[in-house]
2 protein chains.
Amino acid sequence: MTQQPRNGRAPSVKDVAAAAGVSLGTVSNVLNRPAVVSSTTRERVERAMADLGFVRNESARQLRAGTSRALAYVMLDGGNPFFHDVAEGIETAAEDADLSLFVCNSSGRSEREAKHLDRLLQQRVQGILITPVDPDAAHLADIAQRGVPFVMVDRFSRAGGHCSVAVDDVLGGRIAVEHLIDRGHRRVAFVGGPESIGQVRERLQGARAVWAEFGMPEEDLIHLPTEALTVNEGRSAGERLAGLPSRRRPTAAFCANDLLALGLLQHAVTAGLRVPDDLAIVGFDDIDFAAAAAVPLTSVRQPRQELGRTAARLVLDEATNPAHVHEQATFVPALVARASTGTVRR
Amino acid sequence: MTQQPRNGRAPSVKDVAAAAGVSLGTVSNVLNRPAVVSSTTRERVERAMADLGFVRNESARQLRAGTSRALAYVMLDGGNPFFHDVAEGIETAAEDADLSLFVCNSSGRSEREAKHLDRLLQQRVQGILITPVDPDAAHLADIAQRGVPFVMVDRFSRAGGHCSVAVDDVLGGRIAVEHLIDRGHRRVAFVGGPESIGQVRERLQGARAVWAEFGMPEEDLIHLPTEALTVNEGRSAGERLAGLPSRRRPTAAFCANDLLALGLLQHAVTAGLRVPDDLAIVGFDDIDFAAAAAVPLTSVRQPRQELGRTAARLVLDEATNPAHVHEQATFVPALVARASTGTVRR
DNA sequence: CATGACGCTTGAAACATTTCAATCCCACCC
DNA sequence: GGGTGGGATTGAAATGTTTCAAGCGTCATG
C-alpha cells in the first residue's frame, strides 16, 4: 500500500474516483456490484483505493441505508462468565451475518442499562439483545414499541410482545434437587436471592416441587436467602449454614448459580468440611470455573453459547423477515455431575 | 411520550421542526446550544420531540462531525476475567468522556483481530485500545500509520510509535519468587508458556534473576512449559509435576497467570496434595476467582481497572491534544499473599 | 424619526455514500 | 449508412445532522 501523505481527512470515494479518472458512481459500483464494471476499470479503481488507503465510511453508508450493520447485547453482569459465553454465541451468529456486535454491560444497574439503550437507539442498531435488570422496566417496553427488533435473553417478561430465549429454570431446580435426593440427602439448603430475580424464584419453585413430590417434609428444604448472586454472598451463606444447630444443618446445598456455589465451597473448605462428604454442593449455569474448582462442582448446565446463537437468530429474523412471529425459545437444562456431589449418603 | 403512529422511518429533526412550527436550524440549536433559544420556543420544540419520540441519528452526526463518538477495545481472551476488568476500567473512562465503547474479542486469533480492526476503521472510532495477539503484527503498524489514536494494553512492541500501558512483568516475576524463597522453598517450578508471549518471557526472566541473586542453583528452578495460559494447561502441568522423581519435585510453583494456577490447584487437590504444605502456589493477575478458590490463591496483582483507565486517558489525549507525546505507562505489581502460600517451610 | 444593537431564528451548505435513470459508445445487423 | 441493442459509465438526488453567515424584529438611544 503506497500511502499518500495524509493531509487531514481520510480519502473518500470522490478522491478515489479522481485518482482513477472515473466517476464516483463507478467507484461505488466497484465496491457494491463489481460484476457490472469492466475488468480494466475495476483494476484501475482498486489500485487507486490501495494507493490512497481508502476505507469506506461506515456512517455515510448507514445514513444512506437508514440502519447500521450492527447488533447489540446488553449484559447484566460482566463479572459473571456465564454472560460472556452467551455473548460469544451471539458474536458467532453476528459474524456469520457480517454484522458488528456492540457488547454493553449494565452491571445490574438500571440507569446504566437505560443509558446504553438510549445510545444504541441513536446508533440505529439492527437489533437489541438484552438480559435486563428488570424484565418489566418501562424503557424496555419503549424499545419494543419503537419497532426495534428486540430479544430478551435468559429472562421473561409478563408483557410479551417480543421474542425471548431462556432455559426452563423450574426444571433446572427440579433436576438439581432430584439429584441430591438421589444421592441420599434428606436435608437440603437452597442458597439464593433476592427473590425479585425470576431465575431465583423459579429454581426455588422447581426445587420445592420435586421435594414435595418425593414426600419430604417442607421444613427440611431450607431457604438461605442472599442479597446477590456473587461469590461473596455464597461465602456468607456458608457462615449462616455453619451456624445452624447440627440437627437442622443440611447435608447438601443447591445454589442458584455457580458463583454462589464457589463461594460456598470456599467457605466449606476453609471451615474444614469435606465436600461432598460433609456438605454436597450443586451449582447452576456450569461456567468453566465450576469444572475448574478444587472440588469440581456439580452444576445444572445451560447451553450458554446456543442461547446466544438462538437469540441472535431470532433478532435477525425479526429484523429481516416481515412475516416474523415472536417466539419464546426454551432450552432444557442438564445436570453435569462432578465430585462436589460425588458420594451416596447412607 | 405521546407517540405518533409509526409510518415507516423514524422522525428526523425536519419532522420535529415541522411539528413545532420552527426551522430545522432551531431544533438543532435546542439540541446543541439550548441557551441561545428562547424558552418558549425551546419548550415547544421539546414537546414536539417528545410527542414524536425523536431520537438523534448518530450516523448523520458522525458523518457531519467526521468522527464517531466511540472508543474501541480489542481484547485478547474474553474467557479470562483479567481482560474483563481492564475493559471495565476503560468503560469508566469512556463514560466520563461521554463516549461509547465497542468491546471486541479476538480470542487470540490474528485474523479475527484484523477483521475487528478493519471494521473499527470503517466506523471511524476516535481511538483504539488493544491487547494484540502479536504486538509486531503488520496490521497494527498500519493503524498507527493511518493516524488513528492507538494504545497497546498489557503488551509492548519493539517498534514504538504509540502509547502503551502495562505492568512491570520482570518485577512481577521477582516478587513472586522472592516470596516463595522467603517462605522457605528451595525447589520451585515456573509454570507457563509459550515463550512467544512477552509476559511469559519476562515473568520467567524476573523469576530467574531473583533466584540467581539469592544464590540458588539454577537447576532447582524448573520450567514446566505450557501451550497456553488456561486452566486445562495448568491441570496438565500438574500431572507432569507429579510425575517428577520426588527429590527433583518442587515444593512450590509460580504460574504465569491465575488460570494456570487454578488448574494446578485443582490437580493438586484431586491428587490429595495439601496446599500449601505439599505444594505452594503463586498465580499472576489476581483475578477475582483467585481469591475465591477453595484454597485462596496468592497472586501478583495487576491494577487491572487502572490499567484500563490509564489506557483510555492516553488514547483520548492522543485524540484531542495536538501536543500529545507517546507514553509508555508502567505500573508496579504487588503481591497479595493468601492461603496458597500460607506456611513457612522448614 | 433614524440608527444601532441585540436577541432570536433561518436556510443553505457540507459531510460520504448509494442508487437509479439517463447517457454514452461500440459493435453488429440490415 | 442508419438503426438497434446492450454493456459500461455517469451524475444527480437523497439520507439526517450541524454550523454559520445572514436576516428579521424589537427596543432603546440620540
Side-chain angles (χ1 to χ4, degrees), chain A residues 6-46 48-49 52-70 119 121-126 146, chain B residues 6-46 48-49 52-70 98 119 121-126:
Chain A
R6 345 205 65 259
N7 64 340
R9 62 180 230 316
S12 71
V13 274
K14 206 189 285 182
D15 301 319
V16 174
V22 298
S23 82
L24 97 192
T26 300
V27 178
S28 178
N29 281 337
V30 171
L31 254 13
N32 301 296
R33 282 176 238 71
V36 311
V37 183
S38 76
S39 58
T40 59
T41 331
R42 187 169 58 234
E43 276 159 28
R44 201 141 42 90
V45 170
E46 278 165 354
M49 293 202 292
L52 266 51
F54 168 75
V55 176
R56 261 157 134 145
N57 184 321
E58 178 65 22
S59 35
R61 295 186 81 185
Q62 263 178 49
L63 176 57
R64 180 67 230 254
T67 171
S68 79
R69 308 199 43 70
R119 263 206 271 260
L121 241 35
Q122 295 191 22
Q123 304 267 8
R124 300 288 193 274
V125 291
Q126 292 218 359
R146 278 206 148 72
Chain B
R6 345 208 64 258
N7 62 340
R9 64 179 229 317
S12 71
V13 274
K14 205 189 284 185
D15 301 320
V16 174
V22 298
S23 81
L24 99 191
T26 299
V27 177
S28 176
N29 282 336
V30 171
L31 253 13
N32 302 294
R33 282 175 237 71
V36 312
V37 183
S38 76
S39 58
T40 57
T41 330
R42 187 168 59 232
E43 276 160 27
R44 201 140 41 91
V45 171
E46 280 165 351
M49 295 202 290
L52 265 52
F54 169 76
V55 176
R56 263 155 133 146
N57 183 322
E58 178 65 21
S59 36
R61 296 184 79 184
Q62 264 178 47
L63 177 58
R64 179 68 228 256
T67 173
S68 79
R69 309 200 43 71
D98 196 34
R119 261 207 273 258
L121 241 35
Q122 294 191 24
Q123 303 267 9
R124 301 289 194 273
V125 291
Q126 292 218 356

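Here is how names work: the chains are called A, B, and so on, in the same order as the sequence lines, proteins then strands, and each is numbered from 1. Just so we're clear, the structure is a prediction, and the values are computed from it rather than from any experiment.
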Below 3.5 Å is the cut-off: list the nitrogen or oxygen pairs between protein and nucleotides 4-8 of chain D, distance only.
none

So, Gln126(B) side chain and Ser68(B) main chain: donor-acceptor pair closer than 3.5 Å or not? yes
Residue pair Ala10(A) / Asp15(A): nearest heavy atoms and the distance that separates them: O-OD2, 4.2 Å
Report the distance from atom CD of Gln123(B) to atom C1' of dT17(C), rounded to the nearest whole Å. 15 Å
Return whichever of Gly21(B) or Arg124(B) has its heavy-atom-nearest nucleotide of DNA chain C closer to the 5' end. Gly21(B)
Between dT17(D) (C1') and Lys14(B) (NZ): distance, integer Å: 11 Å
I need the Ser59(A) OG to Arg61(B) CZ distance, nearest 0.5 Å. 12.5 Å
What is the distance, to the nearest angstrom, from the CG atom on Asp15(B) to the C1' atom on dT17(D)? 13 Å
Distance-minimising heavy-atom pair for Ala48(B) and Ala19(B): CB-CB, 4.1 Å
Just to be sure I understand the rule, does Ser12(A) reach a base, reach only the sugar-phosphate, or reach nothing, if contact means heavy atoms closer than 4.0 Å? sugar-phosphate
Side chain to side chain contact (heavy atoms under 4.5 Å, CB included) test vs Val22(B) passes for just one of Val30(B), Asn29(B), Val27(B), Val37(B), namely Val27(B)
Between the protein and nucleotides 18-22 of chain C, which nitrogen or oxygen pairs are less than 3.5 angstrom apart?
from    : atom 1 : to       : atom 2 : distance (Å)
dT18(C) : OP1    : Arg56(A) : NH2    : 3.3
dT18(C) : OP1    : Arg61(A) : NE     : 3.0
dT18(C) : OP2    : Asn32(A) : ND2    : 3.3
dT18(C) : O2     : Arg64(A) : NH1    : 2.1
dT19(C) : OP2    : Arg33(A) : NH2    : 3.0
dT19(C) : O4'    : Arg64(A) : NH1    : 3.4

Does some side-chain heavy atom of Gln123(A) sit less than 4.5 Å from a side-chain heavy atom of Gln62(B)? yes
Comparing Arg44(B) with Ala60(B), nearest DNA chain C nucleotide closer to 5' gives the residue Arg44(B)
Separation of Gln62(A) atom CD from dT15(D) atom C1', in whole Å? 12 Å
If I take atom CD in residue Glu58(A) and atom C1' in nucleotide dT15(D), what distance separates them, rounded to the nearest angstrom? 14 Å
Apply salt bridge (charged side-chain N to carboxylate O under 4.0 Å, His left out) to Arg119(A) and list each qualifying residue two or more places apart in sequence or on a separate chain. Asp98(B)
side-chain hydrogen bond (donor to acceptor under 3.5 Å, both in side chains) involving Arg124(B) - partner list, sequence neighbours excluded: none
Rounded distance [0.5 Å steps], CG in Leu31(B) versus CZ in Arg42(B): 12.5 Å
Can a side chain N or O of Thr26(B) be found less than 4.0 Å away from OP1 or OP2 on dT9(C)? no
side-chain hydrogen bond (donor to acceptor under 3.5 Å, both in side chains) against Arg44(A), all qualifying residues, sequence neighbours excluded: none
On a heavy-atom basis, the closest approach of Phe54(B) and Val13(B) is CE1-N, 3.6 Å
Axis deviation across the helix from dC1(C)-dG30(D) to dC30(C)-dG1(D), five-pair ends, to the nearest 10°: 70°
